[in-house]
Amino acid sequence: MSLSKPFYSLLGVYLEQLFNHPVRTKSITSSVLAASANYTAQRIAGQKKLNQDSVIAYGLFGLIFGGTVPHYFYQTVERLFKHDMKFRRFYQFLSERLIFAPFYQLLSLYFLSIFEMNTHEVAVANLKKLYWPLLRTNWQYLSIPVFLNMRFVPPMLRTVTMSIVSFIWVVYIARRRRHLQDKQAGGADN
């Protein structure tokens with residue numbers, strides 16, 4: 001019981017910040033989760049030396065795009081599909097899966113590569129190789145969590161909820177990107 005008091009106090013402060021400063025709070029949360037996910041992916045892959053540039057790139061992406069883009073998307077979707085609209089949640093879900101997911105996947109793959117100090121050409125080449133396989137995997141495995149998020153989570157908490165779900169997704173993306181980069185580095189050595 002004594003451990004629950006600090007936890008609930010911290011949760012209360014977090015929810016207060018989320019209510020009073022939603023974009024800032026979601027951006028910081030996304031940044032911390034994205035950097036942690038990249039770190040976790042590197043450790044799971046058994047890398048001896050931590051690639052700090054990659055961790056920083058993921059954290060920077062989370063800070064700049066991870067809180068803002070989903071926040072404004074979910075806000076727009078709430079306004080577009082009114083409460084009295086028939087099949088409202090279904091249309092919200094479809095718009096997330098067919099508009100937001102492809103756009104956000106493209107944005108993340110490109111800017112993660114740029115934030116890792118790759119050239120535009122390298123970023124586009126990585127994007128071409130990874131975009132469709134990752135988008136298909138996203139649709140396949142994240143559609144149920146997205147539907148549950150749209151259906152049961154209050155709008156204020158949707159971005160945070162998806163940030164937590166995306167922790168696992170970021171681990172997956174980081175591993176796929178790292179595999180591609182290792183493959184390209186191996187091809188360049190031959």
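With contacts defined as side-chain heavy-atom distances shorter than 4.5 Å, the pair P70/M162 does not qualify. No side-chain heavy atom of Y74 sits less than 4.5 Å from a side-chain heavy atom of Q92. In this structure, the side chains of R88 and E78 come closer than 4.5 Å at one or more pairs of heavy atoms.
When atom types are taken as modelled, the side chain of T119 and the backbone of V122 share a donor-acceptor pair closer than 3.5 angstrom. Side chain of T25 to main chain of Q17: a donor-acceptor pair is present (N/O by atom type, distance under 3.5 Å, no hydrogens or angles). Remark: the backbone N or O of I64 is not paired with any side-chain donor or acceptor of S27 at under 3.5 angstrom.
I56 and L112 fall into different hydrophobic clusters, defined by Ile, Leu, Val, Met, Phe, Trp and Tyr side-chain heavy atoms under 4.5 Å apart, directly or through other members. Under the 4.5 Å side-chain heavy-atom criterion for ILVMFWY residues, no single connected hydrophobic cluster contains both I28 and I164. The hydrophobic cluster containing L98 also contains L134, counting ILVMFWY residues as joined when their side-chain heavy atoms lie under 4.5 angstrom apart, directly or transitively. At a threshold of 4.5 Å between side-chain heavy atoms, the hydrophobic network of Ile, Leu, Val, Met, Phe, Trp and Tyr places F87 and V77 in one connected group. A single hydrophobic cluster is seen to contain both L157 and L11, as judged by linkage of ILVMFWY side chains at heavy-atom distances under 4.5 Å, directly or through other members.
Screening L33, L15, L18 against V160 for a side-chain contact (heavy atoms from CB on, under 4.5 Å) leaves a single residue, L18.
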W169 and T137: side chain to side chain contact (heavy atoms under 4.5 Å, CB included), yes or no, with the steps?
CA-CA 10 Å; W169 181 244; T137 305; 3.8 Å; yes

F167 vs T40, test: side chain to side chain contact (heavy atoms under 4.5 Å, CB included). Steps then yes/no.
CA-CA 9 Å; F167 177 88; T40 302; 3.6 Å; yes

Check the pair Q42 / N51 against side chain to side chain contact (heavy atoms under 4.5 Å, CB included), numbers first and verdict last.
CA-CA 8 Å; Q42 290 185 45; N51 181 346; 3.5 Å; yes

Run the numbers on S95 and F81 for side chain to side chain contact (heavy atoms under 4.5 Å, CB included), then give the verdict.
CA-CA 10 Å; S95 66; F81 302 109; 3.9 Å; yes

Under 3.5 Å, sequence neighbours excluded: what are the donor-acceptor pairs made by side chains of residues 142-153?
{"residue": "S143", "atom": "OG", "partner": "R97", "partner atom": "NH1", "Å": "3.3"}
{"residue": "S143", "atom": "OG", "partner": "W139", "partner atom": "O", "Å": "2.5"}
{"residue": "N149", "atom": "ND2", "partner": "R158", "partner atom": "O", "Å": "3.3"}

Identify each donor-acceptor pair in which a side-chain atom of residues 99-107 lies under 3.5 Å from a protein atom, sequence neighbours left out, and give them as a table.
none

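Closest heavy-atom contact between L130 and P133: O-CD, 3.4 Å. Here the closest heavy-atom approach between residue A123 and residue S113 is recorded as CA-OG, 3.4 Å. Residue F73 comes nearest to E96 through the heavy atom pair CZ-CA, 3.6 Å, listed as atom of the first residue, atom of the second, then distance. The heavy-atom pair separating G59 from S31 by the smallest distance is O-OG, 2.8 Å.
Using bins of under 30°, 30° to 60° and over 60° for the plane-to-plane angle, the ring pair F65/F115 lands in the parallel bin.
Side-chain contact check for R79 and Q75: at least one donor-acceptor pair (N or O, by modelled atom type) lies under 3.5 Å.
For the side chain to side chain donor-acceptor pair (under 3.5 Å) condition, the pairs that include at least one residue of residues 57-70, sequence neighbours left out, are Y58-R177. Sorted pairs that involve residues 12-40 and meet salt bridge (Lys or Arg N to Asp or Glu O under 4.0 Å), not counting sequence neighbours, are lacking altogether.
For Q140, the CD atom sits in a packed shell: over 12 heavy atoms of surrounding residues, nucleotides or ligands are nearer than 6.0 Å. Within 6.0 Å of the OH atom in Y14, the count of heavy atoms belonging to other residues, nucleotides or ligands exceeds 12.
Applying the 4.5 Å side-chain rule to ILVMFWY residues, one finds Y72 in the same cluster as V23. Grouped by direct or indirect side-chain proximity (heavy atoms under 4.5 Å, Ile/Leu/Val/Met/Phe/Trp/Tyr only), L50 sits with Y39, V55.
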